[in-house]
Amino acid sequence: MRLRFAPSPTGALHIGSVRTTIYNYLFARQRDGALILRIEDTDQDRLVAGAIDSIYDGLHWLGITWNEGPQEGGPHAPYVQSERLPLYQRHAQELIDKGAAYYCFCSKERLAALRAEQEARHELTRYDRHCRNIPPDEAAERAKTEPHVIRLKVPDEGTLAIEDLVHGHIEWQASTIEDQVILKSDGFPTYHLAVVIDDHEMGITHIMRGEEWMASVPKHLLIYRAFGWDVPPMAHVPSVLGPDGKKLSKRHGSTAVSQFRDDGYLPEALINYLALIGWSPGTEDEIFSMDDLIRVWKIEQVQSAGGKWDKDRLDYFNGVWIRKLSVDELVRRLEPFVPAEWDREVLRKIAPHIQERMKTLKDAQDQIRFLFTDDIGYDRSALIPKKSNAMTTTEALARARAVLSPLEPFIATVIEPPLVSLAAELNWSKKDLAGTIRMAITGRQVGPPLYQSLEVLGKEKSLRRIEAAQDMLAGVRA
Ligand code: GLU
């Protein structure tokens with residue numbers, strides 16, 4: 001069994017393309033098949049520098065591996081279409097020799113005028129087969145000097161059909177298909193010719209790709225037929241849609257895998273969530289690692305309708321996967337998201353306490369900054385609970401300091417009881433007292449649990465910050 005994924009290097013690696021890649025990966029790994037990465041760069045106008053690196057980076061980060069590809073090599077190298085031009089040219093010539101394709105010399109201007117006329121008459125715009133009947137010898141002679149393309153001779157009638165593994169039986173009438181260009185004037189093949197030749201030459205046994213390519217299938221079937229090749233089974237998997245039901249694009253927010261990595265998403269979460277867009281296990285289960293997916297995913301359960309991208313749901317999965325990490329692993333994953341000079345021992349101590357509340361790895365930095373810098377600037381009014389005033393808050397802070405200073409060891413379980421009693425004595429809610437102390441020591445309203453925050457910050461610093469808050473309220477250091 002041999003599967004392939006065939007991205008075009010036209011931009012950063014897109015999460016929709018990754019979802020299709022994941023399905024190919026699962027299908028291949030379930031059956032001990034080979035997975036092939038092929039770069040489809042025949043549309044030279046759309047190439048984007050760095051796109052191949054972005055494909056490699058993104059897939060490596062996700063942990064997707066493959067067997068043959070541009071950097072890996074393999075029996076069908078090269079795996080970049082622009083490096084395979086002679087192969088396509090030879091095959092196009094073969095179709096000419098067989099009478100299944102022909103040279104077309106029509107100028108861009110003629111084609112544009114033709115199109116305009118057809119549009120004015122509200123007709124289907126398509127090539128009018130102007131060059132189809134030039135005698136082959138004459139055409140071959142002209143092709144030596146005149147610019148030309150090669151077009152497929154599409155039959156006037158007949159039905160083309162596939163049994164799609166996702167969509168079932170689908171058919172098209174040959175009469176609706178124009179004499180498509182298979183080789184362009186610059187000697188490059190079109191996508192249609194290149195994809196059919198490569199899938200055949202590379203021994204691809206199952207073609208799985210996004211459903212946006214479904215409309216191209218009848219054109220491919222005609223090329224298979226012209227060569228007399230077998231058509232491998234095909235599966236067209238549903239698109240990843242934006243919330244508005246249109247194909248997910250930059251208009252809907254970021255779509256580049258690298259952006260999700262930089263925003264602090266775990267590869268496990270992205271894989272888990274993406275796998276569920278367009279596939280359902282038929283149970284309530286929703287948390288799947290890649291290994292789980294290899295076990296349970298089935299092509300039969302891939303849905304034919306597109307699945308909607310939902311960022312909140314991705315956040316949910318990210319939280320789940322963050323909580324599954326061991327503390328050591330969490331610290332390792334946080335590494336790129338916190339400044340190099342932050343003490344790793346302290347980071348390790350606080351990590352378990354933020355793990356419960358984190359949505360992304362990026363969230364951590366703001367929540368724990370107070371442990372690594374004394375510069376926690378805040379507005380002094382933020383210290384005062386709604387029902388209180390500066391004077392009583394100053395007193396509360398003074399009492400808190402008095403209660404905290406003798407505590408030994410200075411750990412959460414020892415810190416909590418006296419602060420709870422103090423709140424009662426002051427006639428404050430626990431929440432108000434915690435909020436005031438939290439603001440004093442962290443400069444923020446939300447963060448890791450208070451008692452643990454005090455513990456990790458340490459007694460000396462905690463007391464100093466509470467005192468500073470007191471002074472601020474008293475106007476001394478305002
Ligand atoms: N090159 C196409 C893409 O960029 C893939 C087409 C295919 O898989 O046949 O998505």
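None of the values given here were measured: they were computed from a predicted structure. Remember, it's 1-based here, ligands and their atoms both numbered in the order they're listed.
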Asker: List the atom of V181, the atom of T190, and the distance in Å for their closest heavy-atom pair.
Answerer: O-OG1, 3.0 Å
Asker: Any chance the side chains of Y88 and D198 put a donor and an acceptor closer than 3.5 Å?
Answerer: yes
Asker: For the rings on W297 and Y23, is their centre-to-centre separation under 6.0 Å?
Answerer: yes
Asker: Thinking salt bridges, do R332 and E335 make one under a 4.0 Å N-O criterion?
Answerer: no
Asker: Between the side chains of R115 and E119, is the shortest nitrogen-to-carboxylate-oxygen separation below 4.0 Å, so that they form an ion pair?
Answerer: yes
Asker: Going by ring-ring contact (aromatic ring centres under 6.0 Å, His included), name the residues that satisfy it together with W172, two or more places apart in sequence or in a different chain.
Answerer: none
Asker: Would you check ligand 1 and list the protein residues that come within less than 4.0 Å of it by any heavy atom, ordered by chain and number?
Answerer: R4, A6, P7, S8, E40, Y191, V195, R209, W213
